[in-house]
Enquirer: 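Encoded as structure tokens, here's the structure I'll be asking about.
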Amino acid sequence: MEKISKRFLNWASILEESTRVQVQMTSEMPFIFPHVALMPDAHLGRGCAVGAVLPTLGAIMPAAVGVDIGCGMIAVRTQFRAQELPVERKPLREGIEAVVPVSAGKYNPGVTREHTRTRIQELEQRADNAKFDPATYAANWPLQLGTLGSGNHFIEVSLDEEDRVWLFLHSGSRGVGNKIAMHHIKVAQELCRKWWINLPDPDLAYLVEGTDEFWAYIRELRWAQHFALLNREEMMDRVVSCFEAWVGADVVESERINCHHNYTVQEKHFGKNVWLSRKGAIDAGKGVPGLIPGSMGTRSYVVEGKGNPLALNSSPHGAGREYGRRHAQRTFTYDQLVKSMEGIEWSGSKEFIDEIPNAYKDIDVVMKDADDLVEIRHTLRQIINVKGD
């Protein structure tokens, strides 16, 4: 851990100067208490760095929560081991791609399964309780439930250190969550202009606790976070069904972990109740299970939190980008991507060059930096990867 200032503590040994400057600026906002904790996978983000943990008193910055509200991970450990799996892996990958829409903007053709409808009904009731209609943001939001999206979202079948099979998945609140976030970022910016508040960055605009705008954001934020959690549950149920058809036997789940890494909750830190926003970080309270994915072709981790108070009981959420998407596309080649995916069943799409492991921080360095934040329970290596273009 590196102490940058009274209000900025850093765990990242790989850190661009632009990211450091951005977080220093964020840490100087008057409502930060007691300090910003920067995780090992941190990189430049909108308003505030991805990988920042932000405790605030009396205010929330919507852009510092993130635009993919509730984005996170889910993992299931099955009873199967590598030697029990069919040799041909392509049928499982294609089966998953057939039941989980995997690209941006391509939603479910129809919702027919009973538990899918049940989850939608739950979200409708929660929206009623939150006093808003999600259809005002996305008329087709029910069709977004059970969809993966694109970018760094993925579905994987992996093996741990004992060759036990894990099903692993990364996604968030999809288009409806993004539109909720963008709306409230704009509201915060308009209010700050109205109140003649000078900001070092427009994306550090904030909502003041006690105002109608603040509580509207909190209600809709919580709804989007739950949508993201149910979205992962819905997809995982479909992945489990595909896996069962592939192996010809039912899955007995030994463990299921579902955790956010873009979200806000109320927690107590250093004697005060704060709004804690983890923008690219997971809850690493003592004994709390968590998931830290690597990039395509690299390891992922099942972890347990150590409850480090200086880190605000948080840890990294993944490898963290070193190259922006366009920079990665200009820097790396398709041949390099193919080589990095040796031994893994994947679609072979050239669209994934920006997701090549070289575009991300070294996950081994990230996990070494996180040594005082989490304990590694399992190390996973992928054998099947599903992504959206």
Side-chain angles (χ1 to χ4, degrees), residues 1-5 7-29 32 35-56 60-69 71-72 149-153 170 172 178 181-182 185-186 188-189 199-206 260-264 277-282 292-296 298 311-312 314-332 353-363 365-367 369-370 373:
M1 186 271 290
E2 175 189 17
K3 185 175 182 179
I4 306 297
S5 68
R7 301 176 73 173
F8 177 12
L9 303 182
N10 170 46
W11 273 260
S13 63
I14 304 172
L15 186 65
E16 292 182 341
E17 183 59 23
S18 58
T19 305
R20 183 188 296 264
V21 170
Q22 185 181 52
V23 179
Q24 179 64 53
M25 178 176 62
T26 306
S27 73
E28 293 169 359
M29 296 297 285
I32 295 289
H35 57 258
V36 174
L38 192 63
M39 298 294 101
D41 54 337
H43 60 89
L44 205 64
R46 177 173 181 174
C48 184
V50 176
V53 182
L54 303 151
T56 56
I60 288 182
M61 299 172 285
V65 177
V67 295
D68 191 355
I69 297 172
C71 189
S150 57
N152 62 353
H153 293 169
H170 173 209
N178 178 274
M182 296 299 290
I185 290 170
K186 184 177 180 181
Q189 291 172 339
L199 297 166
D201 182 329
D203 284 322
L204 292 178
Y206 55 90
H260 294 320
H261 55 226
N262 258 35
Y263 69 114
T264 293
S277 299
R278 293 184 172 101
K279 183 179 181 179
I282 64 172
I292 303 178
S295 53
M296 285 181 69
T298 64
L312 306 170
S314 303
S315 82
H317 79 310
R321 296 195 74 92
E322 272 201 278
Y323 291 76
R325 295 193 179 280
R326 291 182 181 177
H327 190 191
Q329 289 168 348
R330 293 192 302 266
T331 304
F332 304 109
I353 290 177
D354 60 356
E355 284 293 304
I356 191 171
N358 311 62
Y360 285 81
K361 294 184 181 184
D362 186 333
I363 189 65
V365 174
V366 169
M367 296 309 295
D369 289 348
L373 308 180

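All values derive from a computational prediction rather than experimental measurement.
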Enquirer: Who passes side chain to side chain contact (heavy atoms under 4.5 Å, CB included) against L44, sequence neighbours left out?
Expert: S18, T19, Q22
Enquirer: Could you pull out all residues at least two apart from E2 that satisfy salt bridge (charged side-chain N to carboxylate O under 4.0 Å, His left out)?
Expert: R20
Enquirer: Could you pull out all residues at least two apart from R46 that satisfy salt bridge (charged side-chain N to carboxylate O under 4.0 Å, His left out)?
Expert: D203
Enquirer: With I353, which residues qualify under side chain to side chain contact (heavy atoms under 4.5 Å, CB included), at least two apart?
Expert: F332, Y334, L337
Enquirer: In chain order, what residues pass the ring pair (Phe, Tyr, Trp, His ring centres under 6.0 Å) check against Y206, with sequence neighbours excluded?
Expert: F31
Enquirer: Run the side-chain hydrogen bond (donor to acceptor under 3.5 Å, both in side chains) test against S315 and tell me which residues pass, sequence neighbours left out.
Expert: none
Enquirer: Taking only residues two or more places apart in sequence or in another chain, which ones pass side chain to side chain contact (heavy atoms under 4.5 Å, CB included) with P202?
Expert: Q189
Enquirer: Using side-chain hydrogen bond (donor to acceptor under 3.5 Å, both in side chains) as the criterion, list what pairs up with T26, not counting sequence neighbours.
Expert: none
Enquirer: Of all residues at least two apart in sequence or in a different chain, which pass the side-chain hydrogen bond (donor to acceptor under 3.5 Å, both in side chains) check with D369?
Expert: S13
Enquirer: Going by heavy atoms in the side chains, are H261 and H170 under 4.5 Å from each other?
Expert: yes
Enquirer: Are any non-hydrogen side-chain atoms of M29 and M61 less than 4.5 angstrom apart?
Expert: yes
Enquirer: Under the side chain to side chain contact (heavy atoms under 4.5 Å, CB included) criterion, do S5 and H35 qualify, and how do the steps go?
Expert: CA-CA 9 Å; S5 68; H35 57 258; over 6 Å; no
Enquirer: Within the structure provided, determine whether S27 and L38 are in side-chain contact (heavy-atom separation under 4.5 Å).
Expert: no
Enquirer: Is any side-chain heavy atom of M39 closer than 4.5 Å to one of V53?
Expert: yes
Enquirer: Just how far is it from atom OG of S314 to atom CG of L373, taken to the nearest 0.5 Å?
Expert: 8.5 Å
Enquirer: Please identify each residue that fulfils side-chain hydrogen bond (donor to acceptor under 3.5 Å, both in side chains) with H153, with sequence neighbours left out.
Expert: D68
Enquirer: Considering residues at least two apart in sequence or located in another chain, which fulfil the side chain to side chain contact (heavy atoms under 4.5 Å, CB included) criterion with T264?
Expert: I60, V65, L221, Q225, W275, S277
Enquirer: Do the non-hydrogen side-chain atoms of C71 and H260 ever get within less than 4.5 Å of each other?
Expert: no
Enquirer: About how many Å separate NE2 of H317 and NZ of K279, when rounded to the nearest 0.5 Å?
Expert: 10.5 Å
Enquirer: Taking side chain as C-beta onward, heavy atoms only, is I4 less than 4.5 Å from L9?
Expert: no
